Amino acid sequence: MKKLISLLLIVMMTFSCLCLSACGSGEGKAEDTNDISDALPVHVSTDKYRSYYHIWVCSFNDSNNDETGDLQGIIDKLDYINDGNPETDTDMGFDAIWLSPMMVSDSYHKYDVDDYMDVDPEFGDLETFDRLIEECNKRGIAVILDLVLNHCGTGHEFWKKAVAEAKEGNFDGYAKYYKFTDGLPGAKGWRQIIGTNLWYEGQFSPEMPEWNLQYEGTRDYFEEVAKFWLERGVAGFRLDAVMYMTDEETDGTEFLNWFYTTAQKYNPDVYMVGENWQGNSQIYDTYESGIDSQFAFPFATSGGNFAVAANSSGGKTLASQLMKYDENSAKRNPDAINAFFLSNHDMVRSANYFAGGLNYQKMAAAMYLLAPGNSFTYYGEELGAMVPVGYSENDAFFRGAMNFDEENPSGIWCTAGAEQEWPYGGAKQQSADPDSLMSFYRQAIRVKNKNPQIARGDITAVYDFGLTTICAFKVEYSGEAFMVIHNTDDENPCEITITEEMLNEPNIGGKLYAMTQTQMQSKAAEGQQAVTASVLTDRVLKMPPQSSVVLVDTSNK
Ligand code: CA
């Protein structure tokens with residue numbers, strides 16, 4: 001059983017122009033009589049279950065025209081992410097942010113930290129950071145920081161002192177923070193200090209010397225770092241490179257558990273999500289550390305479960321994969337929170353996964369946004385940002401400038417020449433179009449915010465209805481039952497029966513369509529009327545191609 005939540009602030013929807021039921025523009029109102037989604041309140045999260053927006057700081061928004069995104073730039077765009085008013089639907093509705101590394105570092109990516117307790121001057125200062133937290137608090141947005149505890153940068157004070165001491169044969173001082181050997185060790189990823197026979201561990205690069213995580217001095221320092229940021233109001237951390245936190249003595253989970261319980265001293269509700277880019281079994285293993293989440297890498301990337309299901313109309317397989325993942329992570333940590341996403345800063349942009357274009361992108365978006373747990377949306381993904389052809393091998397090309405307005409490009413750059421393509425235009429262009437990818441994201445997040453039990457519950461059953469194209473799973477939370485159903489068929493509507501065994505009194509609690517009504521009409525067989533909306537009549541649910549429905553059991557209401 002996952003942690004009970006307190007939904008302290010429940011705001012009733014009084015706003016009449018919410019377009020959930022109108023997102024397939026112009027559909028018949030008469031068919032919507034069994035749709036209770038408009039009556040459901042939007043829940044404002046006060047716990048660890050959130051829809052995250054992943055911001056690559058230097059590419060998001062530049063406040064001072066130096067062609068580098070910065071913290072003030074993020075403050076200036078917070079109303080895009082969440083304006084803090086649940087009654088408006090003009091913002092995206094994300095209620096948490098993951099900031100890419102913003103601590104002091106020489107590199108553009110800042111994954112080699114030279115000072116863990118300050119903001120890189122390119123991005124601002126601590127005063128600006130504190131204002132960012134304050135402005136996020138006003139809007140109900142939680143902020144987590146990207147924290148790199150596996151290695152530091154070669155400009156770190158401890159590393160500079162360690163090298164100087166080690167060269168003099170002193171391994172009892174700062175050298176203890178790192179791992180040195182005299183002579184080349186058998187293991188891979190060790191680097192030589194030029195002009196000596198000393199080697200140190202640096203799996204990623206010579207510029208990223210690895211911390212000795214077993215040394216108590218390192219842990220004291222990390223405790224200071226955690227305290228420093230948690231006391232400034234951050235909600236937690238995205239932990240970089242957890243699969244490398246291994247050595248002869250430990251598989252890394254002991255260290256992660258230590259860091260998690262230590263951070264809880266400064267914020268009992270601290271949230272942590274680990275980057276462990278491996279298969280299911282290694283991810284389940286890392287859940288044993290006790291930290292809340294591990295990114296669900298097998299569901300991400302172009303070959304991951306979401307993209308495959310959307311591209312191949314393979315809904316049934318996806319339902320089983322989701323249930324197995326949900327069950328297995330909970331076996332290793334009863335409080336596990338799934339962390340689903342399509343892409344991140346180390347991957348080709350997710351829009352590149354879908355040769356079929358917009359409808360497939362929407363289908364995949366509904367799949368990960370409406371899955372139990374937390375969702376992570378990489379900035380620009382909600383607009384369909386793409387990596388230009390031929391640039392898929394360079395990380396910088398996954399990290400180009402955000403496009404708030406096609407007519408007024410920002411001109412900020414992470415590295416020279418890296419630029420995303422925006423086939424559907426920028427945020428300003430998409431915001432007004434109810435059929436845009438951006439509008440679809442807003443609607444999907446809203447459906448999740450109106451049905452908060454989906455994020456917090458457990459998948460207790462899957463149903464295939466005899467169709468390989470249907471992804472249907474039951475979620476149970478605190479005595480309430482829900483069903484999430486995706487019709488991944490890109491040609492055909494479906495007609496399925498919801499039995500009493502599944503839900504006592506099913507009712508539609510939110511629905512989404514990838515296709516516009518015009519597209520659905522054109523796909524209808526000659527002489528037949530296209531199914532243009534999801535309709536539930538006497539337990540028979542009709543759904544258009546590439547559509548999603550949340551069913552609520554109203555028998556307890
Ligand atoms: Ca700037």
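These numbers come from a predicted model, not from an experiment. Values reported hereafter were calculated over all heavy atoms of this structure, with side chains retained and with hydrogens, waters and symmetry mates removed. Ligands are counted one by one from 1 in listed order, and the atoms in each one are counted from 1 as well.
- Both tests do not hold together for Lys77 against Phe60: distance to the six-membered ring centre under 6.0 Å, angle to the ring axis within 45°.
- Judged by distance alone, the side chains of Thr377 and Tyr368 do bring a donor and an acceptor atom under 3.5 Å apart.
- For the Ca ion (ligand 1), protein N, O or S atoms closer than 3.0 Å were enumerated as Asp62 OD1, Asn64 OD1, Asp66 OD1, Thr68 O, Asp70 OD2, with waters left out.
- By the 30° and 60° cut-offs, the orientation of the rings of Tyr116 relative to Tyr221 is perpendicular.
- Between Thr154 and Pro209, the closest side-chain pair of non-hydrogen atoms falls below 4.5 Å.
- Judged purely by distance below 3.5 Å, without hydrogens or angles, the side chains of Ser45 and Asp47 pair a donor atom with an acceptor atom.
- Looking at Asp76 and Ser63, their side chains never bring a donor and an acceptor atom within 3.5 Å of each other.
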